[in-house]
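For this chain, numbers begin at 1 and follow the sequence in order. In listed order, ligands and their atoms are each counted from 1.
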Amino acid sequence: MNMEFLDELGLNTFRHNELFASVVSGTQSQQGQGNTHCGYSPIDGMQTAQFNLATPEQLDAQTERSIAAFNQWRTTPAPIRGQFVRRIGELARQYKHQLAQVITLEAGKILPEALGEVQEWIDVCDFAVGLSRQLHGLTIASERPGHRMMEQWHPLGPVAVISAYNFPMAVWSWNAMLGLVCGDAIVWKPSEKTPLCALAIQTIVNRALDEMPHVPKDIVSVIIGDAAIGMAMSQDKRYPLVSATGSTRMGKSVGEMVGARLGRSLLELGGNNAMIVSQHADLDLALRAIVFAAVGTAGQRCTSLRRVIAHHSVKEALAQKLIHAYQSLRIGDPRKEHVLVGPLVDELSYATMQNALHSAEQQGGKRLIGGERITNNVPQGGFYVAPCIVDIEADAEIVQQETFAPILYLMSYDTIEQAIEIQNNVPQGLSSAIFTESLKEAELFLSPEGSDCGLANVNIGTSGAEIGGAFGGEKETGGGRESGSDAWKNYMRRSTNTINYGGDLPLAQGIVFE
Ligand code: UN1
């Protein structure tokens, strides 16, 4: 495999005795003191990296360095903090192609989607730079004469970021770029499956740090460890905020640990995203949206489309169109042009997919196409599968679960109210969509009686959200919001201030205390 892009990113500087460093910031790059861990490419199973995992003691030392950096950074004016983020964004633009190649290598994502992921990082840099001049608070009318009230937003502290393999750069960037302009330090535990993505990012950040001596060098750091590190971060009261993306199981345990110390958590967990296709839909438009949302990233986005709820009058026609489209999908090496479906991340993911398909069939599901492993014309050693469509009843148990693989459940409905009920009747609440040309249906779907998800779309698919909106979902998705809109408020603490500029001391609520 041609790995020149790693050298172009400067990742060779982290190599030492064939082991990569596991704790890296602008001040130091240390090998881990824990167990040895290898990274593998989903493309062909080739080993890509070897590490000793970081230990909780190493995390502890990094936390202290991050606190010292935070204490300096919090008094740097926000627009100056924005200049650092702007420089990071410029470097991400410059190295966009190399960065995307690291994503493809470690996450198995096709190159156009990997480039899209780096673009999310670049976009959120632009957003954060603008925000660095707009961390606005309110002024509030005081009930007392000679008094003024206002809100200020202050930096929060070091923020722990825990992220998953499937978006190994973008999710960090939503948290880190916002957190930095908000005045926080960022300590990141990436997925152990994507350590090189994390080191590529830290290398870019370190370049910006080298050019900007006023920025404290430990303001951004990465610590590559296993679940023990995530647990240590979650229990550590020096982290006022833990932002975690991944499975609902992981999120519940992070939420419990952070909650036990009354810290804040920002959770972006599983989705079980559905699209309603009405009898009033443009079916060809719906078809294109379904294919991208269901098979893009080989079904490994938290926003991937898992369920299509089609009106009974259009379900059969839609099924035929989908089968036809799935037959022409090009599955294979994600580095190759025109390939649309890359590999699953690993063998466990393949086994989980097969188990889900088995359960679906036991519960009355009928496989319309796909599901099998592909071994021809694909790199050996990777787990490539044909994306699958299963015709199934809406009340089948398996439909309640998120399986992180390209399985699409197709079900039917009679009335729009019933469709919305089916759509909402799952534990998760991330993303949702309706395809309809009927204004009434679209507005009902977006109304308080409509979709209960954090993202609800009309005539576009469930995945591929822009960074400008707040991203996240309800119920078992965890309730957190990241990226755009006012998600920045998560990374700051609010201070309500009342100022008396008069000569008297009137009490609120008219209390007389004499
Ligand atoms: C994820 O899978 O964790 O909306 C994030 C999307 C992307 C982000 C997905 N912008 O599909």
Hey, what polar pairs (N/O, under 3.5 Å) does ligand 1 make with protein?
residue: ligand 1; atom: 2 (O); partner: Asn166; partner atom: ND2; Å: 3.1
residue: ligand 1; atom: 2 (O); partner: Cys302; partner atom: N; Å: 2.8
residue: ligand 1; atom: 4 (O); partner: Gly464; partner atom: N; Å: 3.1
residue: ligand 1; atom: 4 (O); partner: Ala465; partner atom: N; Å: 2.7
residue: ligand 1; atom: 10 (N); partner: Glu120; partner atom: OE1; Å: 3.4
residue: ligand 1; atom: 10 (N); partner: Glu120; partner atom: OE2; Å: 2.7
residue: ligand 1; atom: 10 (N); partner: Ala465; partner atom: O; Å: 3.3
residue: ligand 1; atom: 11 (O); partner: Arg301; partner atom: NH1; Å: 2.8
residue: ligand 1; atom: 11 (O); partner: Thr303; partner atom: OG1; Å: 2.6
residue: ligand 1; atom: 11 (O); partner: Gly464; partner atom: N; Å: 2.9

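The closest side-chain heavy-atom distance from Ser432 to Asn273 is not below 4.5 Å.
Remark: Leu348 pairs with Asp346, Thr352 by the side chain to side chain contact (heavy atoms under 4.5 Å, CB included) rule, at least two apart or across chains. Partners of Arg261 under the salt bridge (charged side-chain N to carboxylate O under 4.0 Å, His left out) rule, at least two apart in sequence or in another chain, do not exist in this structure. Annotation: salt bridge (charged side-chain N to carboxylate O under 4.0 Å, His left out) contacts of Lys96 (sequence neighbours excluded): none.
The aromatic ring centres of Trp172 and Trp121 sit less than 6.0 Å apart.
What you find for Met177 and Ala128 is that their closest heavy atoms are O-CB, 3.6 Å.
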